[in-house]
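Report on one structure; see the data block that follows.
Numbering of residues begins at 1 and proceeds along the displayed sequence.
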Amino acid sequence: MIKAILFDFDGVLTTDATGSMSICNYICMKTGLDINKFKNEYYKYNEDLLYGKTSHGEIWGKLCEGLNTEVDINILYESFINTPIDMRMTAIMDELKQENYKIGMVTDNKKDRIDTIVKYYDWNKIFDAVTVSAEIGSGKDYNEIFLKTIQSLNVSADECVFIDNQEKNLIIPKSMGMNVIYFDHENRDYEKLMKEFKDLSIDF
């Protein structure tokens with residue numbers, strides 16, 4: 001019996017495939033910076049940001065130095081709350097919550113970004129657990145992030161469904177006994193998702 005639905009963030013609850021894409025697109029749109037130049041500089045720090053080895057505050061001066069341009073860090077924080085949210089998917093999430101399913105987020109992400117977004121949308125009322133790679137120093141290619149989530153929710157792996165837009169991220173949870181769903185972030189086929197929910201006896 002399914003008790004908990006776990007959502008990836010970027011690509012599932014948002015329409016951009018990755019958070020880095022959302023950040024880079026917004027900052028370059030606001031500043032007029034060349035996106036390839038900005039991406040090249042930002043991605044130097046991306047992995048360390050994702051695993052909590054550094055923070056945006058710590059790397060921002062070096063990033064600006066690499067760009068040879070001063071970028072106000074507040075534009076970065078603006079980029080967080082301007083992440084393109086998939087309102088259809090968040091409506092599905094709300095409906096599941098109303099049907100008393102536990103709702104979790106499992107994401108390879110930067111802590112300051114997810115904290116800002118969760119607070120902005122008041123999602124603490126929706127999510128029973130939010131597990132971020134930067135907080136635990138480990139991502140979806142290891143089981144720690146999933147173990148922490150199911151422990152927080154007080155459920156077993158086989159009582160969970162995990163939805164992600166990258167098939168490689170489904171390997172570990174599936175090996176743990178979780179039910180997994182691949183959601184194509186380009187096609188965004190909600191009808192297919194509904195059918196997969198129904199096949200798992202998730203009715204709402």
Side-chain angles (χ1 to χ4, degrees), residues 4-31 38-39 42-64 71-87 89-94 96-97 101-142 144-154 160 162-166 169 173 185:
I5 320 291
L6 312 179
F7 292 85
D8 173 37
F9 184 59
D10 295 293
V12 176
L13 296 178
T14 81
T15 55
D16 283 345
T18 69
S20 304
M21 180 190 293
S22 296
I23 288 168
C24 294
N25 285 346
Y26 183 84
I27 290 174
C28 292
M29 181 268 293
K30 286 289 283 190
T31 61
F38 188 85
K39 275 183 180 177
Y42 185 77
Y43 274 84
K44 289 178 185 177
Y45 308 101
N46 197 50
E47 189 167 321
D48 284 349
L49 287 165
L50 286 175
Y51 299 119
K53 294 176 183 175
T54 190
S55 67
H56 282 112
E58 289 171 346
I59 63 102
W60 204 251
K62 289 181 285 184
L63 182 141
C64 292
V71 180
D72 185 347
I73 198 168
N74 288 310
I75 297 174
L76 169 74
Y77 300 130
E78 279 179 31
S79 80
F80 297 163
I81 61 172
N82 282 280
T83 296
I85 303 296
D86 182 338
M87 303 313 288
M89 191 65 86
T90 55
I92 290 168
M93 186 173 71
D94 288 346
L96 289 163
K97 178 73 174 179
Y101 288 101
K102 293 182 178 182
I103 304 297
M105 183 197 297
V106 181
T107 178
D108 287 355
N109 232 302
K110 294 96 180 180
K111 177 171 163 45
D112 54 356
R113 179 172 181 255
I114 295 300
D115 285 351
T116 301
I117 292 167
V118 167
K119 184 178 179 183
Y120 183 77
Y121 286 101
D122 204 15
W123 275 345
N124 281 317
K125 290 179 180 174
I126 297 292
F127 288 105
D128 300 288
V130 175
T131 319
V132 183
S133 59
E135 251 184 311
I136 62 170
S138 180
K140 295 177 205 160
D141 44 356
Y142 295 97
E144 187 179 351
I145 197 166
F146 298 103
L147 283 172
K148 189 174 188 306
T149 306
I150 63 177
Q151 286 164 2
S152 297
L153 295 172
N154 196 27
C160 298
F162 176 57
I163 306 161
D164 200 287
N165 68 314
Q166 295 189 56
N169 292 335
H185 59 261

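Looking at heavy atoms from C-beta onward, D86 lies out of side-chain contact with T14 at the 4.5 angstrom threshold. Looking at L153 and L6, their side chains come closer than 4.5 Å, going by heavy atoms from C-beta outward. Residues R113 and I23 meet the side-chain proximity criterion, which asks for heavy atoms closer than 4.5 Å. With contacts defined as side-chain heavy-atom distances shorter than 4.5 Å, the pair E135/V130 does not qualify. Between I92 and M89, the closest side-chain pair of non-hydrogen atoms falls below 4.5 Å. Looking only at side-chain heavy atoms (C-beta outward), D128 and K97 come within less than 4.5 Å of each other. Two residues are said to be in side-chain contact when any heavy atoms from C-beta on lie closer than 4.5 Å; M29 and S79 fail this criterion. Using a 4.5 Å heavy-atom cutoff, the side chains of W123 and T90 are in contact.
When all heavy atoms are compared, the tightest approach of Y42 to C24 is CD2-SG, 4.1 Å. Scanning both residues, Y121 and I81, for their nearest heavy atoms gives OH-O, 4.0 Å. M21 approaches Y43 most closely through the heavy-atom pair N-OH, 4.1 Å. In terms of heavy-atom proximity, S133 sits nearest to G139 at CB-CA, 4.1 Å. Pairing each heavy atom of L13 with each of F7, the nearest pair is CD2-CD2, 3.9 Å. Across every non-hydrogen atom of G11 and H185, the tightest pair is O-CB, 3.3 Å.
When each of T15, N109, N165, T83 is tested with D10 by the rule side chain to side chain donor-acceptor pair (under 3.5 Å), just one qualifies, namely N109. The one candidate from T107, D164, T131, D108 that meets the side chain to side chain donor-acceptor pair (under 3.5 Å) condition with K140 is D164.
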Subject >> Stepwise side-chain contact (heavy atoms from CB on, under 4.5 Å) check, E78 with I27 >> reply: CA-CA 9 Å; E78 279 179 31; I27 290 174; over 6 Å; no

Subject >> Verdict with reasoning, V71 to K30, per side-chain contact (heavy atoms from CB on, under 4.5 Å) >> reply: CA-CA 10 Å; V71 180; K30 286 289 283 190; over 6 Å; no

**OP:** For D115 and F80, run side-chain contact (heavy atoms from CB on, under 4.5 Å): C-alpha distance rounded to whole Å, both residues' side-chain angles, the deciding distance at 0.1 Å, then the answer.
**Re:** CA-CA 9 Å; D115 285 351; F80 297 163; over 6 Å; no

Original post:
Where do M105 and I114 land on the side-chain contact (heavy atoms from CB on, under 4.5 Å) test, with the steps shown first?
Top reply: CA-CA 10 Å; M105 183 197 297; I114 295 300; 4.1 Å; yes

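For the atom pair CD (Q151) and CD (E144), the distance works out to 9.5 Å, reported to the nearest 0.5 Å. The distance from the CG atom of N46 to the OH atom of Y51 is 9.0 Å, given to the nearest 0.5 Å. To the nearest 0.5 angstrom, Y45 atom OH is 14.0 Å from S20 atom OG. Note that the OH atom of Y26 and the OG1 atom of T31 stand 10.5 Å from one another [nearest 0.5 Å]. The NE2 atom of H56 sits 8.5 Å away from the CG atom of L63 when rounded to the nearest 0.5 Å.
Among residues two or more places apart in sequence or in another chain, the ring-ring contact (aromatic ring centres under 6.0 Å, His included) test is passed with F146 by F162. Residues passing the salt bridge (charged side-chain N to carboxylate O under 4.0 Å, His left out) test with D72: none are found, sequence neighbours excluded.
Residue-environment remark: CG (D141) exceeds the threshold of 12 foreign heavy atoms within 6.0 Å. In this structure, Y77 places its OH atom where more than 12 heavy-atom neighbours from other residues, nucleotides or ligands lie under 6.0 Å away.
Using modelled atom types and a 3.5 Å distance limit, the side chains of N124 and K119 yield no donor-acceptor pair.
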